[in-house]
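As structure tokens, the structure follows; a few thoughts come after it.
Counting convention: from 1, in listed order, for ligands and their atoms alike.
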Amino acid sequence: MAFPNQTRPRYRGDFHIAIICALSIEADAVQGIFDEFWEEENSYGKAAGDPNTYTTGRIGKHNVVLAHMPGIGKSASASLAASFCSSFDGIRLGLVVGICGGVPTGAPEGEEIILGDVIISTGVVQFDFGRQYLNKVVRKDILEDNLGRHNLEVRGFLQKMSGLHGRKQLMDNSFLYLTELCYKPLFRTWGYPGASEDILYPSAYHHKHQQPEACRICASQEDSLCQAAIESSCEELNCDTSRQIPRLRLQKMKERTILAETEIIHRPDIHFGKVASGDLVMRSEIHRDRLANQEKVIAFDMEAAGVWDHFSTVVIKGVCDYADSHKNKKWQKYAAATAAACMKAFLKEWRGMDKPLHPLESWDQKSPRSSKATLEAANTLGLIHQPTTQTSANEKTPGTK
Ligand SMILES: [Zn+2]
Ligand SMILES: [Zn+2]
């Protein structure tokens, strides 16, 4: 869709949406969703000492800045967010977009979460921050409590979007954008991997050498696991797919496919809830379920806790595994694509604010308020982007069709 009034921002301060991706497939999917890039002719630079790498562009009616994280985890995301703020001081909303592990039965209304669904955070729990006791970790606090909740604007917006109408709108538009993305030549291999690849094992059935004679360590105790098993796939270990938990949604999808004789079409569901965030990669069905029961979290992520302090942050992540010992990477591309599509649908509903008149605009418009002093002040604040060509803000922006 064209947004004819949308012009290229003139200053870094004109960007209000920050997007943070830890993995390159996450950033690839997000860039696949961009409507325009503001990179070709000029870049907006960055503040002195800011080591971050950015991509700027437009998604729908919003100008966005995507930051590419050099690594995973909350300390990397915290330092990235701090530098982000020094370069882009007008950010109103931070989105942590990408892939996560989902809690299969975690949704508040008891709905099933299946692979490829999207999680939108209503709060973040830092799960590796606390005290380890014999049988459990007692975390110190949840971020909702000790760092304050989302600001009023984000809380109200999430309230609206998680309602019946808002959620349907989000799901419909996400599906549309996902379809568009997967049709692009670069994303032809990013489609739905298939319902038969979506396997959830019971919490008591672990990913290990399944035949006792195959491995002494794995056979020694119920929760013992050898290194070779950690590095092997379910197929290599003969994890028994007949033990998988039947899922109603997958079953319905398969039935519809047989009736209509078409390919299985997955419409990603969107779930709102708390996300557990920490530096540990969760790959234990036992700890997953314990934390999910204790904290009522529905997904696991590694970046949100670091970013939360700096922006009003919403996590939008596609479920690529069940945070259990059987997890694999088969679903990562598709989950990254569903998250990026949902992010675009989310931004479609997010309202931009009326812009206060910028000091430089009054000068541009030759209003009586214009003055050399205003220009100098803007220059000192680093607000002025010096164009490399003679294009004016009113000219058609490069890349606009
Ligand atoms: Zn073993
Ligand atoms: Zn397995």
Problem - Heteroatoms of the protein, restricted to N/O/S, which lie under 2.8 Å from the Zn ion (ligand 2) - result: H207 ND1, C234 SG, C239 SG, H326 ND1

Exercise for the section: Classify the side-chain pair H206/Y201 by whether it contains a donor and acceptor separated by less than 3.5 Å. Expected result: no

Exercise for the section: Please check if the side chain of N293 supplies one atom and the backbone of R290 the other of a donor-acceptor pair under 3.5 Å. Expected result: no

Problem - Under 3.5 Å side-chain donor-acceptor pair for D324 and H207 - result: no

Practice task
Count the heavy atoms belonging to other residues, nucleotides or ligands that lie under 6.0 Å from CD of E197, then report whether that count exceeds 12.
Solution key: yes

Handout entry: Any donor-acceptor N or O pair under 3.5 Å, side chains D172, Y177
Key = no

Practice task
For K184, look at atom NZ and say whether over 12 heavy atoms of other residues, nucleotides or ligands are found less than 6.0 Å away.
Solution key: yes

Exercise for the section: Please calculate the SG(C218)-the Zn ion (ligand 1)-ND1(H209) angle and round it to 10 degrees. Expected result: 110°

